[in-house]
Amino acid sequence: MNPSAQLRREIADRVARELLVSGLAREVWLEGALACGFAHAASDIDLRGIVDGDPPAWESRIVDGVRVDLQSAAPQRAEELRHLLRFFDVRRDDLGSFRRVRASMHDLMCLRTALSYGSGRWDPVLDPGERQGYRRWAVADQAEVAASLAEDLTGLVEDGLVESAGVVCRKLEICLTALECAAAGHPVLGDKWLPLLADAPFGPPIHPARAETWEWFRPVQRRVARALLDCWPVDDPLQKPPNLAAPDAGWLPQRYADGWFLRRGDVHIPITGGQLLGWLSTVSTDGA
């Protein structure tokens, strides 16, 4: 732990003890990057007090020159969020649960990182099963972001808007790194922390070529597929994938509770696990 993180942990200890001893909170959580051991010289400290009754609106405070952001929450809200992590029930024909969870991804990230203070130490709030639940939702969420960016990229490339496509490519590179971090079991903390979480941060730049030449998109497809397979392993025999005419042209895999799909824009084609492996083999023929 670097000196910036160490200082902030010591301050978090003091403030947590004060809140508990005063009776203002029944439990105090440390959240975000600092809970994972990351901080820089201007980082804030994010603390959440679990309180009975209506949560009060606490003001931030400055302690030893460091801002401590204080929030409060009722235990019922924490339980609602934990409930979301116990099920991955999003289905292709019913995306309501997916929309609800995606709207709460920041809160779920805070819960995923949360450490509860007690007896002079910080312990994880979530159990291993709940952390696995976060992993599935985070991977699915980042895969959805990648699919949306890929849809925009497809349109920009086909219209020859290369400079705009370059901007989307950079966003897509960041999204893919976040996806791989989520698949590895890390919380999605934010772009600035990705290089600290990723084993190989930010792969080779994506360079969009002419619209009819889509091999440049294959690394995107492989990275999305492999991240999803890390989370939902497939041991089916390899099967021939559906005939997509141009398997490279903007297609990405997705995984819902009701199975695997290949998606391009609003078109979703159901596939088996074996067909996914066959498709992955097809887009891996350049040996990367």
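What you see below is based on every heavy atom in this structure, not just the backbone, and it leaves out hydrogens, waters and symmetry mates. The structure displayed is predicted, hence computed values, not measured ones.
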S.K.: To check you understand the geometry: which heavy-atom pair defines the closest contact between Ser284 and Arg222, and what is its length?
M.R.: OG-CD, 3.2 Å
S.K.: Go through the steps to decide whether Glu79 and Arg86 satisfy the test salt bridge (Lys or Arg N to Asp or Glu O under 4.0 Å), and finish with yes or no.
M.R.: CA-CA 11 Å; Glu79 182 56 31; Arg86 295 171 187 148; 2.7 Å; yes
S.K.: Between Glu173 and Arg170, does any side-chain N to carboxylate O distance fall below 4.0 Å?
M.R.: no
S.K.: Other residues, nucleotides and ligands only: do more than 12 of their heavy atoms fall within 6.0 Å of CG on Asp54?
M.R.: no
S.K.: Nearest 0.5 Å, what's the OG-CG distance between Ser72 and Leu47?
M.R.: 12.0 Å
S.K.: When rounded to the nearest 0.5 angstrom, what distance separates NE2 in His106 from SG in Cys110?
M.R.: 3.5 Å
S.K.: What's the verdict on side chain to side chain contact (heavy atoms under 4.5 Å, CB included) for Arg112 and Leu189, showing C-alpha distance, side-chain angles and the deciding distance?
M.R.: CA-CA 10 Å; Arg112 165 63 180 82; Leu189 296 174; over 6 Å; no
S.K.: Check the hydrophobic clustering (I, L, V, M, F, W, Y; side-chain heavy atoms under 4.5 Å; chains of links allowed) and say if Leu194 and Leu34 are grouped together.
M.R.: no
S.K.: Mind telling me whether Phe88 and Trp232 have parallel, tilted or perpendicular rings, with 30° and 60° as the class edges?
M.R.: tilted
S.K.: Does Arg77 form a salt bridge (Lys or Arg N to Asp or Glu O under 4.0 Å) with Asp107? I'd like the steps, not just the answer.
M.R.: CA-CA 10 Å; Arg77 174 55 180 164; Asp107 290 340; 3.2 Å; yes
S.K.: Please examine the side chains of Trp251 and Val283, heavy atoms only from C-beta on, and report whether any two atoms are closer than 4.5 Å.
M.R.: no
S.K.: Check for me, please, whether Val125 and Leu19 land in the same ILVMFWY cluster - side-chain distances under 4.5 Å, paths through other members count.
M.R.: no
S.K.: Please name the pair of heavy atoms, one in Gly250 and one in Phe217, separated by the smallest distance, quoted to 0.1 Å.
M.R.: CA-CE2, 3.6 Å
S.K.: How far apart are the closest heavy atoms of Leu84 and Trp137, and which atoms are they?
M.R.: O-NE1, 3.0 Å
S.K.: Please assess Asp13 against Trp122 for the test side chain to side chain donor-acceptor pair (under 3.5 Å), listing each intermediate value before the final yes or no.
M.R.: CA-CA 9 Å; Asp13 287 356; Trp122 296 94; 2.6 Å; yes
S.K.: Compare all side-chain heavy atoms of Leu156 with those of Val168 and state whether any distance is below 4.5 angstrom.
M.R.: yes
S.K.: Side-chain contact test, heavy atoms from C-beta onward, threshold under 4.5 Å: evaluate it for Gln71 versus Trp58 and give yes or no.
M.R.: no
S.K.: Can you name the nearest heavy-atom pair linking Ala182 to Ala138, along with the distance?
M.R.: CB-CB, 3.9 Å
S.K.: Let me know which of Val51, Leu24, Leu70 forms a side-chain contact (heavy atoms from CB on, under 4.5 Å) with Pro56.
M.R.: Val51
S.K.: Is there side-chain contact between Phe87 and Arg136, with heavy atoms separated by less than 4.5 Å?
M.R.: no
S.K.: Which pairs with one or both residues in residues 21-32 pass side chain to side chain donor-acceptor pair (under 3.5 Å), sequence neighbours excluded?
M.R.: Arg26-Asp52, Glu27-Trp29, Glu27-Ser116, Glu31-Arg48
S.K.: Return the CG to CZ distance between Asp123 and Arg121, rounded to the nearest 0.5 Å.
M.R.: 4.0 Å
S.K.: Locate the shortest heavy-atom distance separating Arg218 from Thr282; write the atom from each residue and the value.
M.R.: NH1-O, 3.4 Å
S.K.: With hydrophobic residues grouped by side-chain heavy-atom distances under 4.5 Å, do Leu30 and Leu196 end up in a single group?
M.R.: no
S.K.: Going through the distances and angles, do Thr113 and Tyr134 end up as a side chain to side chain contact (heavy atoms under 4.5 Å, CB included)?
M.R.: CA-CA 10 Å; Thr113 60; Tyr134 172 84; over 6 Å; no
S.K.: Same cluster or not: are Val162 and Val167 linked, directly or through other Ile, Leu, Val, Met, Phe, Trp or Tyr residues, by side-chain heavy atoms under 4.5 angstrom apart?
M.R.: no
S.K.: Could you grab the distance from atom CD of Glu158 to atom CG of Leu153, nearest 0.5 Å is fine?
M.R.: 10.0 Å
S.K.: Taking side-chain contact (heavy atoms from CB on, under 4.5 Å) as the criterion, tell me which of Leu252, Thr154, Leu244 meets it with Arg264.
M.R.: Thr154
S.K.: So does Asp69 pair up with Arg61, basic N to acidic O under 4.0 Å?
M.R.: no
S.K.: What distance do Ser43 atom OG and Arg67 atom CZ have between them, rounded to the nearest 0.5 Å?
M.R.: 13.0 Å
S.K.: Side-chain contact, heavy-atom cut-off 4.5 Å: Leu277 with Gln239?
M.R.: no
S.K.: Is any side-chain heavy atom of Leu149 closer than 4.5 Å to one of Cys175?
M.R.: yes
S.K.: Can you give me the closest heavy-atom contact between Ala25 and Gly49, atom names plus distance?
M.R.: CB-CA, 4.0 Å
S.K.: Do we get Arg102 above Phe98's six-membered ring, with its NZ or CZ under 6.0 Å from the centre and within 45° of the axis?
M.R.: yes
S.K.: According to side chain to side chain contact (heavy atoms under 4.5 Å, CB included), who are the partners of His268, at least two apart in sequence or on a separate chain?
M.R.: Arg92, Gln254, Tyr256, Phe261, Arg263
S.K.: Before you tell me yes or no, could you show the steps for Leu179 and Glu144 under side chain to side chain contact (heavy atoms under 4.5 Å, CB included), namely the whole-Å CA-CA distance, both residues' side-chain angles and the distance that decides it to 0.1 Å?
M.R.: CA-CA 10 Å; Leu179 172 63; Glu144 185 73 14; over 6 Å; no
S.K.: Do Pro3 and Gln6 have side-chain heavy atoms sitting under 4.5 Å apart?
M.R.: no
S.K.: Do Leu238 and Ser281 have side chains that approach each other closer than 4.5 Å (heavy atoms only, starting at C-beta)?
M.R.: yes
S.K.: Please say yes or no: joined through hydrophobic side-chain contacts below 4.5 Å, possibly via intermediate residues, are Ile45 and Ile50 part of one cluster?
M.R.: no
S.K.: Let's go through Asp127 and Arg131 carefully: what are the C-alpha distance in whole Å and the side-chain angles of both, what is the deciding distance for side chain to side chain contact (heavy atoms under 4.5 Å, CB included) to 0.1 Å, and is it a yes or a no?
M.R.: CA-CA 6 Å; Asp127 63 34; Arg131 291 197 292 273; 5.6 Å; no
S.K.: Are more than 12 heavy atoms from other residues, nucleotides or ligands located less than 6.0 Å from atom NE2 of His40?
M.R.: yes
S.K.: So if I apply the side-chain hydrogen bond (donor to acceptor under 3.5 Å, both in side chains) rule between Glu180 and each of Arg226, Gln142, Arg223, His186, which one comes out positive?
M.R.: Arg223
S.K.: Could you grab the distance from atom CD1 of Ile271 to atom CH2 of Trp279, nearest 0.5 Å is fine?
M.R.: 7.5 Å
